[in-house]
Amino acid sequence: MVKINFKKIEKKWQKKWEEEKVFVAKEENKKDKHYVLEMFAYPSGAGLHMGHALNYTIGDIFARFKIIKGFDVLHTTGYDALGLPAENAAIKAGAHPMDYTKESTKNFTKQLKSLGFSYDWSRMLDTSDPNYYRWDQWIFLKMLESGLAYQKESSVNWCSRCNTVLANEQVQDGKCWRHDDTRVEIKSLKQWFLKITNYAGELLDKIDDLDWPERTKLMQKHWIGKSYGTEIDFEVNGEKYPVFTTRPDTIFGVTFVVVSPYNQKLKSLVTKEQKKEVDSFLKKLKSVSEKDAVLLEKEGVFTGSYAINPINKEKVPIYIGNFVVADYGSGMVMAVPAHDKRDFEFANKYGINKKIVINPVEFELDKKNLTEAYTGEGVLINSKNFDGLTSEKAKHEITEFLSKAGSGRKTVNFRIKDWGISRQRYWGTPIPIVYCEKCGTVPVPEKDLPIKLPKEVKFGKGNPLTTNDKWVNTKCPKCGGKGKRETDTMDTFVNSSWYFLRYADSNNKKEIFEKKKVNYWNPVDTYIGGAEHACMHLIYSRFYVKFLRDIGLLNFDEPAKKLFHQGMIHAEGGEKMSKSKGNVINPSDILEKYGVDSLRFFLISVASPDKDFEWSEKGIQGSFRFVKKIYEFFENFKEGKDSEKIILKLNSTIKNVGEYFENFDYRKATIELRDLFELIYEEGKASRETLEKFLKLISPICPHLSEELWEKLGNKKLILKSSWPEFKENEIGKKIDFDLNEKVIKSVSKIINKLELRGDKISKVHLYFVPFEFSKVNQAKLSKGLNKKILIYSVQDKEKYDPEGKSKKARPGIPGIWFE
RNA sequence: GUGGAUAUGCCGGAGUGGUCAAACGGGACGGACUCAAGAUCCGUUAGCUUAUGCUUACCUAGGUUCGAAUCCUAGUAUCCACACCA
């Protein structure tokens, strides 16, 4: 057996690709541009894992396919280096995040290079580089100018032992992830927000135009959550408190009002008499995170205040309720216990009166024995002059009435909230704001950007940035007086919200990017990454693109035309790969053993790349065998004339594989390629031309192998720079020509036999063929073969005799059949 | 609770009205080569059986059809996402 030195071959071609700069993207307008992008990596210290390898391989195959097809291709990579996990990992390792990250990215680059991906390394970017994050700061300033960035008090998860805010992901079972004996509190803090809600309407409406997986689009739709309803002003102590409802038809049934415990106006609602009770309730609440609250029983406490229902001037008590979402609507709801499940529960618990105001059409509600809320629609009762109206009509008329009275209006409400970007952490983009004693909150001028992260900080207690006095204390940009820097940093998702734009011009030091370049390459044509980003990164990026468009930098609306989610790779046995389970398969080890091309081939041949699958040692060995078999065949093949079979197979393979690559049906491509190769192998010979075409077809999947063998066939130019093979349509249809008559006879006679066995009598058989086949069948032959009177028609024939519409059933290879 | 996805032979997974007992890979089994192979190659892999026939088969139960893994209806199971949004 021939020993193949995969490593040597891989190095050889990787070097050559670099020397010839084949992956350096140029705006040449050769044919058309294609921007392929895989979601960039968070460079953890552990290095590249198999999921990365799969993600990048999927993109790489696509990029190489587009390159050989002659497109201007932009395919590059970078690092999402800033962020909390990196900071924590560094602290754990006793290193400074800056050094730690540098080491991690270096290691990542080494591994990525050994995998031979078709990246344009000259465009690589790193979000922890001040040259990158200065533009995060720049965008923030632009948003501030446009009124999209603002500060407000908001409730956050707080760990009293870490003395810092925690992200939702860091709250586990209501406790701090680092102190599982410490309950997370909800604390009110002043935070920076980005007004993503300004774009809620467009974000929702444009979803339908995207060529994205349906489930992702749906998730975004739910996340944005548009609902139509009415805003109604309840009066408390002479002040108006707007309340949002989708059921204004139930307004006469309001018997109390509930306010969220995190409502900023709460304090003014609580009376002296109730303060003690309210405080103890709030304290109890603190011990539960927002997420867990869902599972809890509805609880609340009376505030002591009353609200006036604008429709009938009734005074109803105001309660605090743990089930009211603070950030939806106004954080206050009108409660209609007879017609809302949650209000019903709450009223039962606290003995609050219920008023039935909707009568279901099919049955009567029994006031005394109401066992659950009736949440359906019906006809209004106990609603004064609105009695007798249907819910639908009443919604409209009541809203109209309130509108005229100036105490209500029709509104649209979104579920999506403004994006809180403040993090009390070190390893993120500093927010370019200075607090001045005189001037207040002052933005840092553009010319002073970037505000760099200082290296000298102490980790341990609270926000490390506050420990560097020299950095914190600064001059006010406005008056030159004493100022203090904002020490919160930006959420890591800020960095990833626009990086794909920067790739178009990553090395630009003067501006965020050249307009011409960004508009040439963007939007991303094909974006590949995990589905877990559906409601985070993928919404934020859409928001950023829309904003940057509106300030005149971009001439498109959406970040990515087509989106593809790769599946997860599980360890052998179906478990998730994890360090603690010790079942992690490291790509580098696999490379060592089987080479890059085998790994690539395996990763996409097991399952559709969008489905989860299990790692299998046997599987990779199978791929390895196939790759080796190809090498060995080319070692000593006989050049010869192609057989008819090979020509047919080759042409259909070219056609199908091209389509498969285009649609990410990589798995099917490997099947066809195996088929074709096995056929060539069986026959032992093929023409040089055919072998070259085969190599081109497999080159996106096994790039090193195909370059090597391509060269062996005597080619001087890279296979990447050759062209995608063409196929002959007539060679594909040919197979059907050969035996179409016979085939039809065989299948139709089977049916005739069955029918006659049943006792049916058949005198005539009408057959309807698709047009291109119609010319290929022979009536006489069919009649003879079937021993029946046969009538044949083309399905397009308007004169055809077809009383039962059987011609609709005709398909290539199979005619529609009607017996008489 | 709401929404979505999936259900195929020992396993992964194609197929999506006739050519389907169902591609391809893996596994298992048999054989060849060998001192021997975990290496390579060939074959078998629902059952009866060896006729180019039958029976049972693509989650379950019905239905449409001359014909269904494929279409329709109902159900079951699994997975995922969101989850008190008024």
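Chain letters run A, B, ... following the sequence lines, proteins first and then strands; every chain starts at 1.
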Subject >> Any strand: nucleotide that pairs with C82(B) via Watson-Crick or wobble, under 3.5 Å >> reply: G1(B)
Subject >> Per Lys618(A) side chain, nearest of listed nucleotides C24(B), A86(B), G27(B) >> reply: G27(B)
Original post:
How are the rings of Phe493(A) and His533(A) set relative to one another: parallel (under 30°), tilted (30 to 60°) or perpendicular (over 60°)?
Top reply: perpendicular
Original post:
Measuring from Ile604(A):CD1 to Lys668(A):NZ, what's the distance to the nearest 0.5 Å?
Top reply: 13.0 Å
Original post:
If you measure from the P atom in U8(B) to the same atom in A69(B), how many Å do you get, rounded?
Top reply: 15 Å
Subject >> Base partner of U40(B), which must satisfy Watson-Crick or wobble distances under 3.5 Å >> reply: A32(B)
Original post:
Roughly how far apart, to the nearest Å, are C11(B) and U16(B) at atom P?
Top reply: 23 Å
Original post:
C85(B) and U2(B): how far apart are their C1' atoms, nearest whole angstrom?
Top reply: 12 Å
**OP:** Check the pair Tyr540(A), Trp419(A) against ring pair (Phe, Tyr, Trp, His ring centres under 6.0 Å), reporting the backbone distance first and the verdict last.
**Re:** CA-CA 9 Å; Tyr540(A) 298 146; Trp419(A) 177 14; 3.6 Å; yes
**OP:** State whether Lys628(A) and Asp597(A) are salt-bridged, where the test is any N-O pair (Lys NZ or Arg NE/NH1/NH2 against Asp/Glu carboxylate O) under 4.0 Å.
**Re:** no
Original post:
OP1 or OP2 of G15(B) sitting under 4.0 Å from any side-chain N/O of Lys668(A)?
Top reply: yes
Original post:
What are the residues of residues 218-233 of chain A, sorted by number, that bring a heavy atom to within less than 4.0 Å of RNA chain B?
Top reply: Leu218(A), Met219(A), His222(A), Trp223(A), Ser227(A)
Subject >> Earlier contact from the 5' end, RNA chain B, for Gly331(A) and Ser616(A) >> reply: Ser616(A)
Subject >> Nearest-Å distance once atom C1' is located in both G15(B) and G63(B) >> reply: 23 Å
**OP:** Identify whether any heavy atom of Val336(A) sits under 4.0 Å from a base atom; if not, whether one sits that close to sugar-phosphate; answer base, sugar-phosphate or nothing.
**Re:** nothing
Original post:
Who does A7(B) pair with, Watson-Crick or G-U, both distances under 3.5 Å?
Top reply: U76(B)
Subject >> N or O in side chain of Arg625(A) less than 4.0 angstrom from G26(B) OP1/OP2 >> reply: yes
Subject >> Same-atom distance (P) from U60(B) to U65(B), integer angstrom >> reply: 23 Å
Original post:
More 5' along RNA chain B: Val333(A) or Arg215(A), using each one's nearest nucleotide?
Top reply: Arg215(A)
**OP:** Look through every strand shown and name the nucleotide pairing with C48(B) as Watson-Crick or G-U wobble, where both distances are under 3.5 Å.
**Re:** G53(B)
Original post:
With distance as the sole criterion, is a donor-acceptor pair present between the side chains of Ser391(A) and Asp249(A) under 3.5 Å?
Top reply: yes
Original post:
Out of A14(B), A86(B), C41(B), which nucleotide sits closest to the side chain of Arg667(A)?
Top reply: A14(B)
Original post:
With distance as the sole test, does His339(A) use its side chain to make a donor-acceptor pair with the main-chain N or O of Ala373(A) at under 3.5 Å?
Top reply: no
Subject >> N or O in side chain of Arg415(A) less than 4.0 angstrom from A83(B) OP1/OP2 >> reply: yes
